[in-house]
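Everything on this sheet refers to the single structure shown next.
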Amino acid sequence: MQKIKELLKDEKYFVILIILIASIFVCIPLMSKNADMTYDDGIQHICRLMGTYQSLQEGQTKIMSNFCNGFGYSWNIFYSPLTAILPLIFKIIGFSFTGCIKLFMFANVFLSGYFMYICTKKITKKTNIAVLSAIFYILAPYRLTDMYIRNALAELASFVFLPLIFLGLYNIFKIRDEKEYSKSVDILNKENYILAIGSIGLILTHTVITMYTGIFSLIYVLINVKRLKDKRIIKLLIINILLILVITSFFWVPLLEHKIMANYEVFKPGRMERTEVLVAYKLDFYRLFFTKSTDYMIYEIGIITIISLLLTPLAVKKIKEKEYYKIYLFMLISGIASIIMTLKIFPFEYMPSILKMIQFTFRLLEFSSFFFSIISAINIVTLSKKIETKEVIILLVAIMVLTIPLKSHLRTLENYDESKLWPAVEVNENTGRVHAGLASFEYLPTKAFENRSYIETRGQNVIALNENSSCQIENEVKNGVKMSFDVKYVLEETRNRTAIYILFRL
């Protein structure tokens with residue numbers, strides 16, 4: 001007991017311990033073998049992980065060769081690749097694909113809390129505010145929806161990078177306030193490139209969240225537009241942007257090529273942005289405050305967070321003199337705007353099509369969870385006489401206790417066997433619009449999508465197109481995206497047509 005008390009006195013160990021406790025609490029349901037990791041997006045991520053694993057064994061990562069009855073499916077060309085690659089690290093040490101996802105989720109929860117701590121500590125210079133913001137962020141109710149109800153692995157992973165991006169922006173725009181800042185430090189200081197690190201991670205994780213993060217980031221830049229007179233800030237912004245574009249080019253360049261050179265379902269109008277779905281999932285105001293037992297998903301903000309936000313008018317008066325007052329207002333307004341945009345009163349259906357690609361307005365709760373976690377922590381500490389270790393632990397326990405009733409909404413699944421999904425589920429006439437491992441077939445070429453019957457009935461053998469010629473195919477071997485065979489008795493006219501057909505299939 002004495003050793004524990006001594007560890008708690010050490011700020012470094014205290015912070016890690018608190019974040020670890022909060023993370024373990026959130027991830028307790030993952031420890032159950034009956035946790036339903038297949039519901040909604042879950043089965044797509046499990047199958048995608050399987051396909052990526054097989055693709056890596058073939059020496060490539062873009063095409064799941066066995067999917068679509070061997071036609072292939074291009075998950076990793078169009079969908080940010082990080083959540084298909086990193087979970088496979090745990091496969092090396094023998095975990096199942098579902099186990100890899102569970103461990104990856106835990107790592108995401110812990111890292112998001114730790115990076116939130118670092119972000120808030122840098123902005124406020126106060127450990128107690130930083131620890132509280134990490135607790136609020138880890139225990140944000142919407143995180144439970146992402147983890148256990150929607151199984152939205154990529155969206156959950158994006159929680160990790162929001163603190164890094166806004167910390168990176170803060171670091172760059174803070175330069176002008178420092179009296180001494182040599183040119184050598186200007187270029188070499190690693191803190192000036194946190195923006196690039198966070199942005200690279202987010203781009204490779206979730207495209208839609210990246211787009212909306214870019215909007216909030218642009219607003220932050222416009223608020224600080226006067227500081228752009230400092231050439232060092234402009235220089236660092238340009239360097240960060242170039243780093244982001246170059247390092248992520250392996251993802252966005254092939255994506256752009258496919259957009260320009262081919263017709264894919266994903267690019268068709270109304271495919272990714274469906275206004276009727278957007279409108280249908282707008283939130284009723286009451287759902288921000290409590291969750292009925294009959295409600296499908298959890299959208300509430302959290303009782304302690306709401307109480308903390310109600311303290312804002314009192315806290316603002318004391319924060320005006322603080323150096324982080326401006327970013328405090330930015331986060332407060334951004335959080336409120338995020339909430340309003342999820343509601344039925346907001347005319348999202350009249351927004352530009354690119355903004356409607358968010359698909360579900362409730363996704364903006366991720367941003368309100370981030371912004372309100374910092375605001376709530378600042379409000380509590382600002383208006384309290386003393387927030388030390390004991391008080392932080394009490395708040396942690398209180399939030400965990402209030403979170404327990406929400407876990408009744410989590411789903412379970414008995415007798416789950418992931419081997420039934422391996423190596424790929426067959427596509428047939430009974431396969432619905434949302435198919436295991438293929439989402440809604442949106443990453444197929446449009447011609448293939450419109451000729452679904454071909455995919456359902458196709459064989460794996462090579463076909464000679466000219467029926468009038470004498471052609472014999474022998475020694476066929478198909479291994480992933482590689483195929484070899486011998487052709488005998490082929491007329492000149494047939495040889496050319498056969499080659500064209502083979503190139504199309506590969």
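Reckoned from all heavy atoms, side chains included, excluding hydrogens, waters and symmetry mates.
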**Request:** Could I get the full list of side chain to side chain donor-acceptor pair (under 3.5 Å) partners for T207, not counting sequence neighbours?
**Result:** S80

**Partners passing side chain to side chain donor-acceptor pair (under 3.5 Å) against N415 (at least two apart in sequence or in another chain)** = none

Where [X] and [Y] come nearest, the two heavy atoms and their spacing:
X: F136; Y: A377; value: CE1-N, 4.1 Å
X: A157; Y: T205; value: CB-CG2, 3.5 Å
X: F371; Y: S334; value: CE1-CB, 3.5 Å

Would a distance-only check, ignoring hydrogens and angles, find a side-chain to backbone donor-acceptor pair under 3.5 Å from [X] to [Y]?
X: E273; Y: Q359; result: no
X: S158; Y: E155; result: yes
X: T120; Y: A130; result: no

Over 60° means perpendicular and under 30° means parallel, so tell me whether [X] and [Y] are parallel, tilted or perpendicular.
X: F106; Y: F110; result: parallel
X: F78; Y: Y443; result: parallel
X: Y137; Y: F159; result: tilted
X: Y73; Y: F67; result: parallel

Cationic tip of [X] above [Y] ring, under 6.0 Å, 45° of axis:
X: K91; Y: F97; result: yes
X: R287; Y: F362; result: no
X: K122; Y: Y170; result: no
X: R452; Y: F441; result: yes
X: K292; Y: Y286; result: yes

**Asked** Say you draw a straight line from CG of L164 to CG of L202; how long is it, rounded to the nearest 0.5 Å?
**Response** 10.0 Å

**Complete:** In this structure, OH of Y328 is separated from CD1 of I378 (nearest 0.5 Å) by 6.5 Å

Below 4.5 Å, heavy atoms only, C-beta onward: do [X] and [Y] meet side chain to side chain?
X: W252; Y: I244; result: no
X: F95; Y: K102; result: no
X: Y220; Y: I327; result: yes
X: T403; Y: F25; result: yes

Establish, from distance only, whether the side-chain atoms of [X] and [Y] form a donor-acceptor pair under 3.5 Å.
X: S32; Y: N34; answer: no
X: Y79; Y: E442; answer: no
X: T38; Y: N151; answer: no
X: Y264; Y: S74; answer: no

**Atom CG of N428: over 12 foreign heavy atoms under 6.0 Å** = yes

**Complete:** residues 46-74 vs salt bridge (charged side-chain N to carboxylate O under 4.0 Å, His left out), sequence neighbours excluded, gives none

**Asked** Please walk me through it: do Y281 and Y299 pass ring pair (Phe, Tyr, Trp, His ring centres under 6.0 Å)?
**Response** CA-CA 11 Å; Y281 278 92; Y299 299 127; 8.2 Å; no

**Request:** Test E349 against every option in K356, K282, R274 by the salt bridge (charged side-chain N to carboxylate O under 4.0 Å, His left out) rule and name the one that passes.
**Result:** K282

**Prompt:** Quick one: are the ring centres of F216 and F367 less than 6.0 Å apart?
**Reply:** yes

